[in-house]
Colleague: 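Structure provided below as structure tokens; questions to follow.
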2 protein chains.
Amino acid sequence: MRQSPTIADVARVVGVSKSTVSFVLNNRPGVAADTRARVLAAAAELGFRPSHRARALSYSRAFALGLVMARPAELLGADPFFPAFIAGVETELAKVGHALVLRVVTGGWDEEADGYRQLAGDGRVDGVFLSDLRVGDDPRLELLQELRLPAVTLQTPDTSPAFPAVNLDERTGIRAAVEHLAALGHRRIAHVAGPQEFVHGHRRRAAWADALRDLGLPPGPEAAGDFTAAGGAAATRRLFEESEPPSAIVYANDLMAIAGATVAHERGLSIPDDLSVTGFDDTELARHVHPPLTTVRMDALAMGRAAARTLLQLVENGSAESAELPPTELVLRRSTAPPAPGGLPRPRASQADDEPRSTS
Amino acid sequence: MRQSPTIADVARVVGVSKSTVSFVLNNRPGVAADTRARVLAAAAELGFRPSHRARALSYSRAFALGLVMARPAELLGADPFFPAFIAGVETELAKVGHALVLRVVTGGWDEEADGYRQLAGDGRVDGVFLSDLRVGDDPRLELLQELRLPAVTLQTPDTSPAFPAVNLDERTGIRAAVEHLAALGHRRIAHVAGPQEFVHGHRRRAAWADALRDLGLPPGPEAAGDFTAAGGAAATRRLFEESEPPSAIVYANDLMAIAGATVAHERGLSIPDDLSVTGFDDTELARHVHPPLTTVRMDALAMGRAAARTLLQLVENGSAESAELPPTELVLRRSTAPPAPGGLPRPRASQADDEPRSTS
DNA sequence: GTGAAAGCGCTAACAC
DNA sequence: GTGTTAGCGCTTTCAC
């Protein structure tokens, strides 16, 4: 028990050869039932555990999948996505004995590219998850093909998809938010956007813009954010400097929405009476800020699970279908109300809104 | 370039043996300068990258370190600690070509123990980081010794330390918070604690209690939280039900503080006029809530870096010194002020704000 | 200085 | 059915 027992130890104890043991352990046919039983018994007896390292060398596989998180360090702690996503990924990987290896790069593209190059070159992983897809030609797509590293993208890129994707319909939830605000009487509905170079930032903005258009509302004012609280606060301040400030703001994530609401408070505005706001993500905190945040729920855990399953399949089979997740839904809380001039007495009687209510 | 070139390819090109190439690549002495140069040139030319898998098998080392995150899945996204900690760890590991492998366990102790067992048994990692240390005998300590898996703990356990630790002085920051509140005139300073079975939860509470005692103030009321927003809100409500509610609350983390402030708002209390609150962590959001949160800053990134360096050293040398991080500091913002002259106003008619916890 | 060969623990042809 | 043998790609002892 000082050294972990090997396949050879098991073979010696049973009195068979290594290959027989290997066959049994891998459930291969062609082993006498009796022998099989004795091998299994001996393996259990010795506490045999196959060496992952030896298997990896033999199979030329890492039995591990990789995730490169490229984020400025400040944002990492605030972003609710990765932890939940990772948890989802891991639950699937653990089932099949794969590991998740993580790289964090805080610098620019070069450092990020190096991250993938090392993961691939070292043979540390058999495939990677591609989050934060960039609009247009994401340079990582080409890089990964060059590296021959299988991947699954979060969201399908606009360009020809080289890899299977996990798709989350963000549009439906945002549209529901805009429709909800319009139904309350808002006509000047702004957007604080995420970075437009990212697919998710871009799509959320497009969903807002399209919803306004479809409702026959004028294009609302907008301000660029960066998904950070500081960026959301700054963007909100810019919106307030408009000649005609909005009566409602649709934020591209909860963090910016919460920071934006704070800016409003500090201007002496009351939410939702003077300004309605909506978020995106439905972070745990969303229901615990004042007022509780109306937001679009997205299931990062499910996304992680789906991504892991898809990537595992791709790695095993050489191909995999893209996965579709259920559409995002609007969660009504108390940060939205009719606009101030209308002055309707707020009919907010039933607010036990723990269940998402899709308005579509 | 179809197959990654091996040490044998390099040897053949140069016209030397594999072992010579190996010697050169590992900077071993005893190779003619000329030969060495030719080997290096050929390796560069071929784009040779040593196979991590083969090295791992030869050295019987994984060149990877592990982190098991044990958290209910729903809460993972809300916790600001892990992402920042991981970023810190990774910056150090990347430098020396090690990988970080992650396990997420959402179940109970059995699942967690299995996580460590698998990581060790598979030889996936050479050591692990132990976060969320439990007070008293943390069962993982014994488990890891049994598994012969090197570890570094975040905070030194109360019991005989079997592993080096990375120590963060949380006490100083909390004490500063209590002293700050006392200096403002508060005499009834409450605490919303983290789980007392965890070292960090326990120490933060102790720091608060000790500070009160040292200032000659009466022991304040307290309520148990669980580091989640929901738990912080519930604990805060319990404090308000005291016969003599506190005029200030020291929270064991920002998340609970923000949720607690929301509860206060909903009772019609104004922060900081009617109630002062302080947090712990200094998350990005802390400065972007209303009012900006006075809190204790802790540097999870630095903790990750220190932990990685310590664990690497332990794995290399077989022993390592514990590391001490700079003491936490109080960050003054606007959630603290002198107590209201008349004491705490009677809470407004309390609304039915016991939102059931979402389970998804 | 350099090469041959054994070994890390497993898989997989190919004989018997 | 089972054993023998040759890899997977690297390190390392030991001759030369």
Side-chain angles (χ1 to χ4, degrees), chain A residues 1-40 42-43 46-64 97-98 120-124 126 316, chain B residues 1-40 42-43 46-64 97-98 120-124 126 316:
Chain A
M1 184 102 187
R2 26 199 48 18
Q3 274 309 69
S4 202
T6 78
I7 200 179
D9 296 323
V10 178
R12 187 158 20 76
V13 167
V14 183
V16 295
S17 75
K18 288 197 308 173
S19 37
T20 301
V21 175
S22 175
F23 270 51
V24 170
L25 263 24
N26 293 304
N27 285 316
R28 281 234 176 33
V31 179
D34 162 59
T35 313
R36 166 181 305 274
R38 280 163 53 226
V39 167
L40 289 175
L46 291 175
F48 169 82
R49 303 235 15 200
S51 155
H52 159 258
R53 293 194 272 264
R55 288 172 51 96
L57 186 60
S58 254
Y59 279 117
S60 297
R61 297 244 277 112
F63 302 105
H98 280 54
D122 289 353
R124 285 276 192 183
D126 299 319
E316 303 289 336
Chain B
M1 182 106 189
R2 23 200 45 26
Q3 275 307 71
S4 205
T6 77
I7 202 179
D9 297 321
V10 177
R12 187 158 18 76
V13 167
V14 182
V16 295
S17 74
K18 290 196 308 173
S19 35
T20 301
V21 175
S22 175
F23 271 49
V24 171
L25 264 23
N26 293 304
N27 287 316
R28 281 237 174 29
V31 179
D34 163 58
T35 313
R36 166 180 304 273
R38 282 165 49 228
V39 166
L40 289 175
L46 291 176
F48 170 82
R49 303 229 21 194
S51 154
H52 160 258
R53 293 194 270 262
R55 287 173 51 97
L57 185 60
S58 255
Y59 279 116
S60 297
R61 296 244 276 113
F63 303 105
H98 279 55
D122 289 351
R124 285 275 193 184
D126 301 319
E316 304 288 336

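Below, chain A is the first sequence line, B the second, and so on; all start at residue 1. Only this structure's heavy atoms are used, side chains among them; waters, hydrogens and symmetry mates stay out.
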Colleague: Which is true for B:S22 with a 4.0 Å heavy-atom rule: it touches a base, it touches only sugar-phosphate, or it touches nothing?
Modeller: base
Colleague: Checking all strands, does A:S19 fall into the base, sugar-phosphate, or nothing category for heavy-atom contacts under 4.0 angstrom?
Modeller: base
Colleague: Looking at every heavy atom in both A:L25 and A:F48, which two are closest together, and how far apart are they?
Modeller: CD2-CE2, 3.4 Å
Colleague: On the nucleotide D:dC10, are OP1 or OP2 found under 4.0 Å from the side-chain N or O atoms that B:S58 carries?
Modeller: no
Colleague: Nearest whole angstrom, please: distance from the C1' of C:dG9 to the CZ of A:R12.
Modeller: 13 Å
Colleague: Is the shortest side-chain N/O distance from B:R53 to OP1 or OP2 of D:dC10 below 4.0 Å?
Modeller: no
Colleague: Specify the residue among A:K18 and A:T35 whose closest nucleotide of DNA chain D lies further upstream toward the 5′ end.
Modeller: A:T35
Colleague: To the nearest angstrom, how far is B:R36 atom CZ from C:dT2 atom C1'?
Modeller: 13 Å
Colleague: Base, sugar-phosphate alone, or nothing: which one does B:S51 contact when heavy atoms must sit under 4.0 Å apart?
Modeller: sugar-phosphate
Colleague: It should be established whether B:R28 places a side-chain nitrogen or oxygen under 4.0 Å from OP1 or OP2 of nucleotide D:dT12.
Modeller: yes
Colleague: When all nucleic acid strands are considered with a 4.0 Å heavy-atom cut-off, which category describes B:G15: base, sugar-phosphate, or nothing?
Modeller: sugar-phosphate
Colleague: So for B:T20 and C:dG1, does any side-chain atom that can act as donor or acceptor lie under 3.5 Å from a complementary atom in the base?
Modeller: no
Colleague: Taking any heavy-atom pair under 4.0 Å as a contact, classify B:F23: base, sugar-phosphate, or nothing.
Modeller: base
